[in-house]
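Just so you know, residue 1 is the first one in the sequence shown, and it goes up from there.
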Amino acid sequence: MKASAKNLLAIIKEPKQFVIPIYQRTYSWQYKQCVQLLKDIQNTADSDKGHFVGSVVYFQPDIHTIAEIHKYLVIDGQQRLTTITLIIAALVKFLDKNPNAEIETTSKKLKNYYLFNAEEETELYYKLLLTRRDKETLKCVLTGKPLPEKSSTRILENFQYFFEQITKENANNIYKGLQKLIIVDVALEREKDNPQLIFESLNSTGLNLSQADLIRNYILMEQEPAFQKHLYEQYWYPMEQSFGDHIGSLPWFMRDYLTMKQGAIPKIGDVYTTFKKFFNNQDNTETESIVKELYRYSQFYVRLALHKEPDTSLLNIFKAIAKLRMDTSYPFLLAAYGDFEEDVISIDEFKELLNITKNYVFRRAICGIPTNSLNKTFANLYKQVKRETYLESVKAAFLLMDGYRRFPDDAEFEREIQIKDVYNFRSRNYLLESLENHSRKELVNAENYTIEHILPQNPKVSEEWQKELGDNWKGIKEKYLHTLGNLSLTAYNSELSDKPFSHKKTITGGFNESPLFLNQSVRNVETWNEEAINKRANDLAGRALIVWTRPTLSEESLNVYREPEKSKDEVQYTIDQYEYLQDDMLDLYQSFEKRVCNIDSSVRVEFKKLYIAFKAQTNFVDVVPQKKKLRLSLNIDFDQIKDPNGLCKDVSDLGRWGNGDVEVGLQNPSELDYVIDLVKQSFEEQLG
């Protein structure tokens with residue numbers, strides 16, 4: 001690698017061509033960046049010093065060829081080179097229109113020195129050759145030819161901005177400033193330098209590429225130009241195009257893809273690093289096969305998450321999944337979509353799988369079960385799928401989940417949906433819309449209606465409503481106001497307002513005229529009181545059990561998928577084996593065990609040879625009984641634990657029995673509340 005400070009225009013003036021590789025992102029400088037650069041150029045014009053504008057990093061060409069114009073493959077500096085080219089092009093256009101302007105150069109010199117290699121007739125004619133749509137747009141801007149049908153908006157807008165800023169008063173000033181621009185010229189040699197490491201270093205200092213951009217460059221940068229072009233045009237560019245205006249979702253797809261492949265969830269900021277490790281571990285897999293698979297699953301993602309599914313019946317389910325914000329399920333659903341495409345399962349089986357997944361998430365939301373376990377649940381769910389009994393194994397996997405991962409049964413779901421504060425529920429519109437549309441051919445969109453409180457929200461309860469509700473009207477309103485039994489949909493919210501119940505039924509647009517199913521049960525009662533609210537809530541809860549069904553399997557079928565019990569030949573440890581669990585220390589341990597097991601019904605205790613493990617999905621706290629304390633190992637990173645009393649110790653570099661990087665001691669019952677809070681943090685981290 002050779003690096004030196006050089007005058008930018010002097011470099012451009014040489015007989016060469018800067019080529020932007022096909023894998024590089026397109027030109028993206030915005031208005032504010034152009035304003036600042038032009039301001040810097042003008043401020044530099046009368047200065048004794050040059051103005052530093054960054055670096056240009058490129059591969060040196062093979063200087064042993066006979067070509068007079070050498071091509072330099074740019075890996076950093078495209079934005080600066082393109083913007084300077086646009087300023088010079090704008091200056092050329094200005095001089096062509098104002099031939100008498102006082103400036104220390106000519107239009108012809110600017111073109112022949114800095115825009116074109118004048119003696120060339122092929123693409124070598126251009127000093128700078130961009131990629132994709134930018135390429136043809138810049139060529140037309142420089143030559144004055146008609147623009148292509150699909151032009152680069154950013155290039156056109158910035159060129160027009162620069163042209164509009166040039167006047168007879170400042171043209172020479174701009175030219176003088178351009179002559180004083182300094183760059184760090186960095187020439188790489190393919191045989192000696194690692195361009196990817198250099199590129200990553202540059203990106204960390206401010207290129208701000210997305211995780212997907214970094215992955216693209218990582219895959220393509222090391223390939224030969226012809227193979228780069230093939231991979232890009234065959235797979236990567238079509239993938240980017242399929243995302244359209246949602247290109248910002250591409251890194252999230254990458255995250256879900258990696259989760260699907262590895263069963264572990266990378267942080268969104270670590271997607272690139274995780275992909276590199278994944279890519280490098282594919283020992284016998286060709287690069288094209290990996291990129292091809294990436295493209296294949298990206299098409300499933302845009303159909304699922306961006307609603308580009310051509311099959312209407314699937315699209316409707318995908319839209320419902322989006323309304324429930326079920327992004328965490330995408331790794332599992334992507335894998336299932338792949339199996340559907342390969343005819344491992346039929347479309348009806350795929351739809352049933354989608355609905356089971358949707359119903360699982362919705363029932364849990366209604367029952368108020370924390371969602372922080374869903375990431376790991378769905379990251380590992382596909383591992384439990386048996387291809388020979390595909391749908392049955394999916395049902396079994398859901399039904400065998402317990403504790404915080406459980407699929408709420410009918411009794412829990414029916415009870416909770418009747419008492420839940422539905423009005424302040426995030427998915428209330430989806431809930432009411434789904435109840436309305438069950439078995440309905442002409443579907444209702446809840447967004448076209450407003451939520452109607454049959455018993456009004458107004459804090460000032462009218463005498464008519466007090467009489468309607470009875471002596472306990474305050475308690476009834478407090479208990480039922482926002483619950484399912486008291487909510488409906490209407491297009492006549494302002495007309496219904498706080499009117500008495502009898503008026504709400506009979507006025508124009510009232511319940512008696514409403515064609516909606518949700519209002520049918522309101523039409524059929526004469527008085528709106530606690531009994532009517534409970535009756536309607538019970539009826540709608542029964543309908544909800546049909547809309548959001550829970551899968552069923554016989555115990556015999558479930559037993560096939562249950563984890564086998566431990567062999568009788570295995571060593572069975574008990575609490576009696578631990579030398580120090582006696583007297584006060586045994587009492588302390590038993591209090592600790594009771595509190596930990598009460599965190600969630602899924603928590604189980606396993607007695608190991610040298611420690612006691614508390615598990616949910618995996619160990620979250622292990623206990624090593626000692627003579628004067630219980631030594632606890634918490635399975636959480638030390639920098640994540642919230643420990644205001646400073647009791648925890650970082651043991652990540654120490655050898656300890658138990659799992660985890662955090663150690664804390666428990667010596668007496670007075671410390672139990674504080675220590676249990678630490679344990680809960682580890683438990684929640686394992687859900688997360």
Side-chain angles (χ1 to χ4, degrees), residues 259 262-267 269-270 273-274 277 370 372-373 375-377 379-380 403-404 570-600 602-688:
T259 302
Q262 299 183 304
I265 311 157
K267 295 178 181 178
D270 295 336
T273 304
T274 305
K277 293 177 182 177
N372 55 354
S373 68
N375 275 332
K376 289 189 176 179
T377 295
N380 293 285
Y404 63 88
E570 283 188 46
V571 177
Q572 299 291 316
Y573 297 107
T574 68
I575 195 171
D576 299 325
Q577 79 195 48
Y578 302 104
E579 177 185 359
Y580 297 118
L581 285 188
Q582 299 179 30
D583 303 326
D584 291 346
M585 197 54 59
L586 177 61
D587 292 341
L588 180 61
Y589 168 77
Q590 289 175 334
S591 297
F592 175 80
E593 180 186 285
K594 182 178 180 180
R595 293 283 298 274
V596 175
C597 289
N598 282 340
I599 291 175
D600 189 88
S602 66
V603 175
R604 60 188 187 278
V605 185
E606 291 184 5
F607 297 108
K608 304 293 184 180
K609 184 177 181 180
L610 297 169
Y611 64 92
I612 304 167
F614 289 80
K615 296 186 173 185
Q617 285 181 324
T618 186
N619 296 33
F620 62 93
V621 60
D622 298 323
V623 179
V624 178
Q626 296 184 324
K627 190 173 183 178
K628 294 184 178 181
K629 69 177 179 180
L630 302 176
R631 194 183 75 202
L632 313 181
S633 294
L634 305 178
N635 202 355
I636 184 173
D637 292 340
F638 185 75
D639 59 2
Q640 290 183 287
I641 197 78
K642 296 177 181 176
D643 175 29
N645 291 356
L647 299 184
C648 294
K649 180 180 179 181
D650 184 357
V651 293
S652 54
D653 295 327
L654 302 177
R656 289 281 201 259
W657 292 111
N659 301 272
D661 295 342
V662 178
E663 181 178 293
V664 64
L666 177 61
Q667 293 182 290
N668 57 69
S670 65
E671 300 170 337
L672 199 54
D673 287 344
Y674 185 83
V675 169
I676 289 297
D677 180 66
L678 299 175
V679 172
K680 285 180 179 178
Q681 293 180 51
S682 180
F683 174 78
E684 290 168 358
E685 172 64 19
Q686 297 313 308
L687 301 192

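- Pairing each heavy atom of Thr259 with each of Pro266, the nearest pair is OG1-CD, 3.5 Å.
- Put simply, the side chain of Phe620 does not reach to within 4.5 Å of the side chain of Glu685, judged on heavy atoms.
- Here the straight-line distance linking atom CD of Gln640 with atom CG of Asp661 works out to 10.0 Å at 0.5 Å rounding.
- Taking all atoms of both residues into account, the shortest heavy-atom contact from Glu606 to Lys615 is OE1-NZ, 3.2 Å.
- Residue Ile612 holds its CD1 atom at 9.0 Å from CZ of Phe592, rounded to the nearest 0.5 Å.
- At a threshold of 4.5 Å between non-hydrogen side-chain atoms, the residues Ser682 and Val662 do not count as touching.
- Counting non-hydrogen atoms of other residues, nucleotides and ligands closer than 6.0 Å to CG of Asp584 gives a total of 12 or fewer.
- In terms of the side chain to side chain donor-acceptor pair (under 3.5 Å) criterion, residue partners of Ser602 (sequence neighbours excluded) are, by chain and number, Asp600.
- No side-chain heavy atom of Tyr404 sits less than 4.5 Å from a side-chain heavy atom of Pro370.
- A donor-acceptor contact shorter than 3.5 Å links the side chain of Gln577 to the backbone of Lys608.
- Separation of the Tyr578 and Tyr589 ring centroids does not fall under the 6.0 Å cut-off.
- Between the side chain of Asn668 and the main chain of Ser670, a donor-acceptor pair closer than 3.5 Å is present.
- Separation of atoms CG (Asp622) and CG (Leu634) is listed at 9.0 Å; rounding is to 0.5 Å.
- Here the CZ-NZ distance, from Arg631 to Lys649, works out to 9.0 Å after rounding to the nearest 0.5 Å.
- With rounding to the nearest 0.5 Å, the separation of CG in Leu581 from CG in Leu588 is 9.5 Å.
- Pairs engaging residues 668-680 under the salt bridge (charged side-chain N to carboxylate O under 4.0 Å, His left out) rule: Arg595-Asp673 [sequence neighbours left out].
- Between Leu610 and Val624, the closest side-chain pair of non-hydrogen atoms is not below 4.5 Å.
- Checking side-chain atoms of Gln626 against main-chain N and O of Tyr580 turns up no donor-acceptor pair under 3.5 Å.
- With Ser633 contributing its side chain and Gly660 its backbone, the two residues share no donor-acceptor pair below 3.5 Å.
- Shortest non-hydrogen contact noted between Lys629 and Gln667 is CB-CG, 3.5 Å.
- Contact record, Val605 with Cys597: CG2-SG, 3.7 Å, taken as the closest heavy-atom pair.
- For the pair Leu586/Ile575, a side-chain contact is recorded, criterion being any heavy-atom separation below 4.5 Å from C-beta on.
- Of the candidates Leu666, Asn645, Val596, Leu666 is the only one forming a side-chain contact (heavy atoms from CB on, under 4.5 Å) with Val675.
- Tyr674 places no side-chain N or O within donor-acceptor distance of the main-chain N or O of Leu647, the cut-off being under 3.5 Å.
- Atom CD of residue Gln590 and atom CE of residue Met585 lie 12.5 Å apart, to the nearest 0.5 angstrom.
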